[in-house]
Amino acid sequence: MTIIGAGAAGMMAAIIAGRRKRRVLLIDHADKPGEKIRISGGGRCNFTHLFSSHENFISQNPHFCKSALSRYTPYDFLDLVEKHKIAWEEKAKGQLFCQGKSTQIVDMLVTECRDAGVDIRLGAEVLGVSKLGEGFIVTTATQTLSSDNLVIATGGPSIPKMGATRFGYKVADQFGLDLVETVPALVPLSFTDEAMEPLKALSGVAVDAAVSNDRIRFEEPLLLTHRGLSGPAILQISSYWEPGEAVMVDLAPGTDALKTLKLDRAERPKLSPAQWLSERLPTRLANHMASSCRYDRLADMPDTALMNLALQVNEWRIKPGGSEGYRKAEVTRGGVCTNALSSRTMEVKSVPGLYFIGEVVDVTGHLGGHNFQWAWASGAACGEVC
Ligand code: FDA
């Protein structure tokens, strides 16, 4: 069998199939396997999330990922990590990272591939595939290979400079499979130049925030950048953001700013708006917000002025001009429509022997290790049968 794409999903499928004594050829056009694993998690690879469930994924069919996720769990991957004596830590709740480098995860997978007898062929760009009888023909720049089963594990187009391609979508199209529209996800959001101008001085400010639209809410850190907004809260909401839509930012989640302002106006009347804000927000942000308030003391502020200030804190409504695109996106939302695939095996229902796994499929995880968990789980589901 041939697997195209030696990333997270492709390597996992190769290991599981190889352990079943299948003859596996794993091909990638990159010179090294698992390049996205290497750069993941800030170089520490957030390799899974202990509480990963179907609720952490976006897909036209939210139930599709359930079967694979339930059969290869975060603890199965953790067993592998511990077998290889890789030190790990839980950074935020459920988010497991390497204590050392993410290349330890790549090395672990390569070792497992070798132990399972997988033939890894790098620097081999696959130009096209075709069906021949019961099997498939895979054409690279230098070779024509035949294979009984064919697994497409070529990921999505995020970070093209890392060798990401739309190859998987082309194959899907060739075999008549539907594609769910693809867009950059887990990506910083940007403002128009005009909207950015007054915020430029705040670049680098980080604050714990709750970011929401009418469909979902995330409470995580937010970062102001020279282009717009980033940080975990923004990356998360970006996966749910549609162009033209506004996003609501609560800069002090858990604080009812209006209620607190009214109380403080009565009990601490000499407090300035800037002081009040800096008790809750980073000083640079507090001063910026206070600069548009023309009162020196809370005591002088009528209810309408308190309300305006409170709205800035609890309901900052932003309208991003766009996102930073595939160049900066951690993943791609959308992909091969799950209707075409068996949720148990990832095999294309209409083309026996053809499989799609990992990010190329219309299953997109939240930030926090869920995308790798999907890659491991979908890879394992395929590797068990292909
Ligand atoms: P992946 O992209 O890993 O692999 C696809 C492979 O196919 C590549 O090796 C590519 O070279 C190859 N390929 C493509 N076209 C080809 C062709 N025509 N011929 C031959 N080979 C071809 N997720 C997470 O859970 N935790 C994290 O910490 C992070 N961090 C993170 C940081 C950054 C900067 C990015 C960009 C992404 C993450 N992710 C993440 C997301 C995670 O990296 C991603 O979801 C998985 O790598 C997807 O695994 P796949 O195996 O599906 O694709």
Side-chain angles (χ1 to χ4, degrees), residues 2-14 25-49 52 56-57 74 77 91-92 94-98 102 105-106 109-110 120-129 138-141 143 145 151-171 184-188 230 232 235 239 324 326-333 335-336 346 355-380 382:
T2 303
I3 302 175
I4 308 176
M11 283 199 275
M12 179 55 77
L25 173 63
L26 179 59
I27 306 184
D28 203 296
H29 64 172
D31 293 332
K32 290 180 187 162
E35 278 293 86
K36 278 200 186 160
I37 302 175
R38 182 179 62 77
I39 61 159
S40 68
R44 294 258 164 100
C45 185
N46 178 193
F47 55 80
T48 192
H49 193 296
S52 210
N56 301 111
F57 294 89
F77 194 76
K91 274 205 182 166
Q95 298 180 11
L96 304 194
F97 285 75
C98 296
S102 51
I105 299 291
V106 181
L109 294 167
V110 170
I120 304 181
R121 215 164 291 175
L122 300 169
E125 181 172 10
V126 177
L127 303 175
V129 299
V138 175
T139 311
T140 72
Q143 277 177 308
L145 309 153
V151 182
I152 308 296
T154 46
S158 57
I159 323 271
K161 74 169 188 219
M162 308 252 357
T165 69
R166 303 185 72 90
F167 179 81
Y169 308 148
K170 278 192 215 149
V171 176
L186 297 181
V187 63
S230 187
L235 299 186
S239 299
E324 291 197 31
Y326 287 119
R327 198 175 54 87
K328 284 283 179 78
E330 284 199 11
V331 286
T332 302
R333 192 186 77 198
V336 177
M346 307 293 135
Y355 298 77
F356 286 83
I357 56 173
E359 194 179 322
V360 71
V361 179
D362 171 37
V363 174
T364 309
H366 289 174
L367 196 73
H370 302 287
N371 283 297
F372 278 137
Q373 189 54 37
W374 168 246
W376 315 136
S378 58
C382 163

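Order of listing sets the numbers, starting from 1, for every ligand and every atom in it. Bear in mind that the values here come from a model prediction, so they are computed numbers and not experimental data.
Of all the atoms in ligand 1, the ones that sit under 4.0 Å from a non-hydrogen atom of G5 are 6 (C), 7 (O), 12 (C). Per-residue contacts place T154 under 4.0 angstrom from the following atoms of ligand 1 (heavy atoms of the residue considered): 5 (C), 7 (O), 13 (N), 14 (C), 15 (N), 16 (C), 22 (C). Residue-ligand proximity, G155 to ligand 1, at heavy-atom distances under 4.0 Å covers atoms 5 (C), 52 (O), 53 (O). With ligand atoms numbered from 1 in the order given, ligand 1 contributes 23 (N), 25 (O), 45 (O) to contacts under 4.0 Å with heavy atoms of N371. The distance from ligand 1 to the heavy atoms of G358 drops below 4.0 Å at these ligand atoms: 52 (O). For ligand 1, the atoms lying closer than 4.0 Å to a non-hydrogen atom of N46 are 24 (C), 25 (O), 26 (N), 27 (C), 28 (O). Near V331, the atoms of ligand 1 lying under 4.0 angstrom from a non-hydrogen atom of the residue are 41 (C), 45 (O). Within ligand 1, the atoms closer than 4.0 Å to a non-hydrogen atom of I39 are 34 (C), numbered from 1 in the order shown.
Neither the backbone nor the side chain of T48 comes within contact range of ligand 1; no heavy atom lies under 4.0 Å. Only the side chain of F167 comes within 4.0 Å of ligand 1, judged by heavy-atom distances.
G369 counts as a contact of ligand 1, since one of its heavy atoms falls under 4.0 Å from the ligand. Heavy atoms of A153 approach ligand 1 to within less than 4.0 angstrom.
In this structure the side chain of V361 never reaches within 4.5 angstrom of the side chain of S378, judged on heavy atoms.
Looking at ligand 1, you'll find an N or O of H29 within less than 3.5 Å of one of its N or O atoms. Backbone and side-chain nitrogen or oxygen atoms of G41 are examined, and one is located within less than 3.5 angstrom of a nitrogen or oxygen of ligand 1. Where the criterion is an N or O separation shorter than 3.5 Å, residue side chain and backbone included, D28 meets it with respect to ligand 1.
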For this session: In sequence, state the C-alpha distance, the side-chain angles, and the governing distance for S40 and N46, and then conclude on side-chain contact (heavy atoms from CB on, under 4.5 Å).
Result: CA-CA 7 Å; S40 68; N46 178 193; over 6 Å; no
Problem set entry | Residue pair T165, H29: steps toward the side-chain contact (heavy atoms from CB on, under 4.5 Å) verdict | CA-CA 10 Å; T165 69; H29 64 172; 3.5 Å; yes
For this session: I would like to know whether V129 and T2 meet side-chain contact (heavy atoms from CB on, under 4.5 Å); could you show each step before the answer?
Result: CA-CA 11 Å; V129 299; T2 303; over 6 Å; no
Exercise. S158 and K36: side chain to side chain donor-acceptor pair (under 3.5 Å), yes or no, with the steps?
Worked result: CA-CA 10 Å; S158 57; K36 278 200 186 160; 3.2 Å; yes
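Of the protein's non-hydrogen atoms, the one nearest atom 39 (N) of ligand 1 is E330 OE1, 4.0 Å. Atom 50 (P) of ligand 1 has A9 N, 4.0 Å as its closest protein atom, hydrogens excluded (heavy atom only). Given atom 36 (C) of ligand 1, the protein heavy atom at minimum distance is I159 CG1, 3.4 Å. At the shortest separation from atom 44 (C) of ligand 1 among protein heavy atoms lies E359 OE1, 3.2 Å. Nearest protein heavy-atom contact of atom 1 (P) of ligand 1 is G7 CA, 4.2 Å. Scanning the protein heavy atoms around atom 15 (N) of ligand 1, the nearest turns out to be T165 OG1, 2.7 Å. Among protein heavy atoms, atom 19 (N) of ligand 1 sits closest to V126 N, 3.1 Å. From the protein, the heavy atom lying nearest to atom 40 (C) of ligand 1 is F372 CE1, 3.8 Å.
Contact detail for N371 and G365: the closest heavy-atom pair is OD1-N, 2.7 Å. Residues K328 and V187 come closest through the heavy atom pair C-CG2, 4.1 Å. For the residue pair Y169 and P157, the shortest heavy atom distance occurs at OH-CD, 3.3 Å.
W374 places a side-chain N or O within donor-acceptor distance of the main-chain N or O of G358, the cut-off being under 3.5 Å. A donor-acceptor contact shorter than 3.5 Å is absent between the side chain of Q95 and the backbone of G369. Looking only at distances, no side-chain donor or acceptor of R44 sits under 3.5 Å from a matching main-chain atom of F97.
Evaluated for a side chain to side chain contact (heavy atoms under 4.5 Å, CB included) with I4, the options L25, D28, T154, V151 yield exactly one hit, T154. Partner of T364 under the side chain to side chain contact (heavy atoms under 4.5 Å, CB included) criterion, chosen from V331, L186, N56: V331.
Using bins of under 30°, 30° to 60° and over 60° for the plane-to-plane angle, the ring pair F47/F77 lands in the tilted bin.
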